Amino acid sequence: MIYLDNAATTKICKKAQEARAFAEESAFANSSSLHSFGMKSNALIIKAKEIISSVIDSNPNELYFTKGATEANNIVISSLSGENSIALTSSIEHSSVYDSFSNNEYKEIVYLKNDNYGFIDLDDLKNKLNSDVKLVSLIYVNNEIGTIQDIKAISNIIKSYNKNIILHIDATQALGKISCDVNKLGVDLMSFSSHKFHGPKGVGGLYVRKGILNKIKPVLYGGHQQVISSGTDNHPEIYAMSIALEEQIASNEYEHVNELNLYMRDIILNNIKECRINTPQDNYSPYILSVGFSNIKSEVLLHMFEDKKIYVSSGSACSKGDNNRILLGLGIDKKYSDGVIRFSFSNDISKKDLDYTLDVLKESIDTIRKVM
Ligand code: PMP
């Protein structure tokens with residue numbers, strides 16, 4: 001099998017599995033229980049906060065755990081809603097941000113302009129700031145095409161206009177892969193998710209800068225555990241997530257993954273006619289490579305890959321759902337937008353795997369184009 005769908009989810013790493021098993025076996029008490037066995041569970045949450053906060057350069061007390069980035073994003077967007085509140089965002093956000101805005105009441109939700117590679121127009125941002133703007137929420141690494149947004153520049157613009165405007169980023173595709181130092185980025189809130197960096201699924205969190213916690217309202221009431229979301233803490237997976245993050249950082253895989261990304265671009269451009277690389281050439285996450293092929297339906301190509309045990313994502317504008325909105329928002333030429341495939345990498349992929357993927361790609365494209 002060649003798994004090239006790591007932006008959808010990654011395989012949990014051994015150390016995270018062991019950490020989870022340890023907690024489930026030897027520290028399974030409720031982390032809120034006052035006895036010493038409960039404190040042993042709580043110690044794992046404290047450890048997890050220490051590890052994650054050292055990666056993002058926050059205080060451990062500024063971290064809150066959720067069941068993933070969807071929950072974290074929803075908490076942010078519902079918390080800052082209100083009839084006097086204007087939010088700035090983009091039309092190429094993940095659905096957990098985009099749909100959350102659609103389902104919350106705001107005075108106005110303003111969509112910033114972006115170019116074909118997903119970079120926000122900074123002049124447009126400057127022009128759209130006004131005294132009712134309470135929240136700016138943007139994706140850090142775009143999950144469809146891998147664009148890295150210049151969050152530092154965005155933060156500088158916003159904060160020099162009004163330091164009370166809250167900047168939230170969705171760092172789901174970024175944490176563990178590129179720098180997510182909350183101080184260097186100048187962000188107030190940052191969502192993340194464990195299963196994108198080889199941790200367990202169904203767990204993630206929200207960084208909340210000290211001083212703004214009072215603006216964040218829980219989505220679930222009934223306990224005090226995570227303040228912003230109640231319920232018995234899932235400490236085995238919280239702990240396992242932090243171990244996975246530690247592993248991901250220690251793996252030093254960035255260079256290898258970047259080589260894969262550049263190699264794949266090269267072999268596709270040199271061997272396949274009529275295609276467009278949607279991922280930018282600069283300021284991209286090497287973990288994601290999106291390519292549009294003319295005269296191709298991406299679902300058909302995806303299934304041809306699947307027949308050879310190669311797993312990729314389709315990002316087709318003709319498919320129902322979210323990719324459609326994002327590709328439209330990127331303004332990708334109609335010629336290529338129905339045949340978009342997202343390859344997303346991890347450390348265990350080799351160039352040999354990519355050579356085989358190219359062989360299958362060439363053959364499949366020839367077959368599809370012949371009948372279209
Ligand atoms: N934001 C982005 C950018 C994502 O890629 C994803 C996962 N596809 C999410 C949010 C949702 O994350 P989770 O699965 O943890 O809810």
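As the structure is a prediction and not an experimental result, all values here were calculated from the model. All residue numbers refer to positions in the sequence shown, counting from 1. Both backbone and side-chain heavy atoms feed into the values below; hydrogens, waters and symmetry mates do not.
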Distance in Å, L354 CG paired with D266 CG, rounded so as to fall on 0.5 Å steps
11.5 Å

Co-members of the apolar cluster containing M1 [side chain, <4.5 Å]:
Y3, Y311

Side-chain heavy-atom pair V110, T89 within 4.5 angstrom cut-off:
no

Looking only at side-chain N and O atoms, does N6 offer a donor or acceptor that is under 3.5 Å from a partner on R342?
no

Cluster partners of I243, using ILVMFWY side-chain heavy atoms under 4.5 angstrom, listed by chain and number?
F22, L44, I51, Y239

Can you pull the salt bridge (charged side-chain N to carboxylate O under 4.0 Å, His left out) pairs that have at least one residue in residues 50-73, sequence neighbours excluded?
none

Side chain K217, main chain S79, donor-acceptor under 3.5 Å
yes

To the closest 0.5 Å, what do you measure between CD (E93) and CG (N114)?
9.5 Å

Do N234 and F65 touch side chain to side chain, with heavy atoms closer than 4.5 Å?
no

Any salt bridge (charged side-chain N to carboxylate O under 4.0 Å, His left out) involving residues 124-142? Give me the pairs, sequence neighbours left out, ordered by first then second residue.
K107-D132, D123-K126, D124-K128

CA sep, side-chain torsions, deciding dist, call: L289, V291, side chain to side chain contact (heavy atoms under 4.5 Å, CB included):
CA-CA 7 Å; L289 181 65; V291 189; 4.0 Å; yes

The reported gap from CG in L245 to OG in S54 (rounded to nearest 0.5 angstrom) is 8.0 Å

Test side chain to side chain contact (heavy atoms under 4.5 Å, CB included), reference K215, set L80, V76, N164, L189, output is L80

With no hydrogens and no angle check, do the side chains of K177 and S285 hold a donor and an acceptor under 3.5 Å apart?
no

Quick one, N30 and S41 - any side-chain contact, counting heavy atoms below 4.5 Å?
no

Please determine, by modelled atom types, if N73 and S100 share a side-chain donor-acceptor pair under 3.5 angstrom.
no

Search all heavy atoms of I77 against all heavy atoms of S137 and return the closest pair with its distance.
CD1-OG, 4.5 Å

Examine the side chains of N278 and S290 and answer whether a donor and an acceptor come within less than 3.5 Å of each other.
yes

Just to verify, what does K14 make a side chain to side chain donor-acceptor pair (under 3.5 Å) with, not counting sequence neighbours?
none

If only side-chain N and O atoms count, and only distance matters, is there a donor-acceptor pair under 3.5 Å linking D181 with S179?
no

Between K201 and E237, is any pair of side-chain heavy atoms under 4.5 Å apart?
no

Show me the pairs that pass ring-ring contact (aromatic ring centres under 6.0 Å, His included) and involve residues 132-187, at least two apart or across chains.
none

Once rounded to the nearest 0.5 Å, what's the spacing between atom CD1 of I158 and atom CD1 of I165?
6.5 Å

Using a side-chain heavy atom cutoff under 4.5 Å and only I, L, V, M, F, W and Y, what cluster partners does F119 have?
Y117

Answer whether the closest heavy-atom distance between the side chains of I56 and Y207 falls below 4.5 Å.
yes

F28: partners by ring pair (Phe, Tyr, Trp, His ring centres under 6.0 Å), with sequence neighbours left out:
F37

Salt bridge (charged side-chain N to carboxylate O under 4.0 Å, His left out) pairs, two or more places apart, involving residues 346-370
E259-K351

What pairs meet the ring-ring contact (aromatic ring centres under 6.0 Å, His included) rule with one or both residues in residues 329-372, with sequence neighbours excluded?
none

Donor-acceptor pair, side chain of K40 and main chain of S26, under 3.5 angstrom
yes

Side chains of L4 and I310, heavy atoms from C-beta outward: is any pair under 4.5 Å?
yes

Salt bridge between R209 and D188, side-chain N to carboxylate O under 4.0 Å?
yes

Against M264, only a single residue in L262, I268, N261 fulfils side chain to side chain contact (heavy atoms under 4.5 Å, CB included); can you say which?
I268

Heavy-atom side-chain proximity of P200 to R20 below 4.5 angstrom:
yes

Minimum side-chain heavy-atom gap I349-V257 below 4.5 Å:
no

By the salt bridge (charged side-chain N to carboxylate O under 4.0 Å, His left out) test, which pairs, at least two apart or in different chains, include something from residues 269-293?
E274-K335

Side-chain donor/acceptor of S230 to backbone N/O of L220, under 3.5 Å:
yes

Does a donor on one side chain and an acceptor on the other come within less than 3.5 Å for Y287 and N258?
no

How long is the gap from CD1 on I145 to OG1 on T279, to the nearest 0.5 Å?
6.0 Å

Return yes if a side-chain donor-acceptor contact under 3.5 Å exists between Q248 and S251, otherwise no.
no

ring-ring contact (aromatic ring centres under 6.0 Å, His included) contacts touching residues 183-206 (sequence neighbours left out)
none

Main chain of L301, side chain of S364: is a donor-acceptor contact present, judged purely on distance under 3.5 Å?
no

Exam field: side chain E108 to backbone A87, donor-acceptor pair closer than 3.5 Å:
no

Check whether the side chains of S313 and D5 place a donor and an acceptor atom closer than 3.5 Å, and report yes or no.
yes

Rounded distance [0.5 Å steps], CD1 in I326 versus CD in E144:
4.5 Å

Using modelled atom types only, decide if a donor and an acceptor are shared between the side chain of S33 and the backbone of G38 within a distance under 3.5 Å.
no

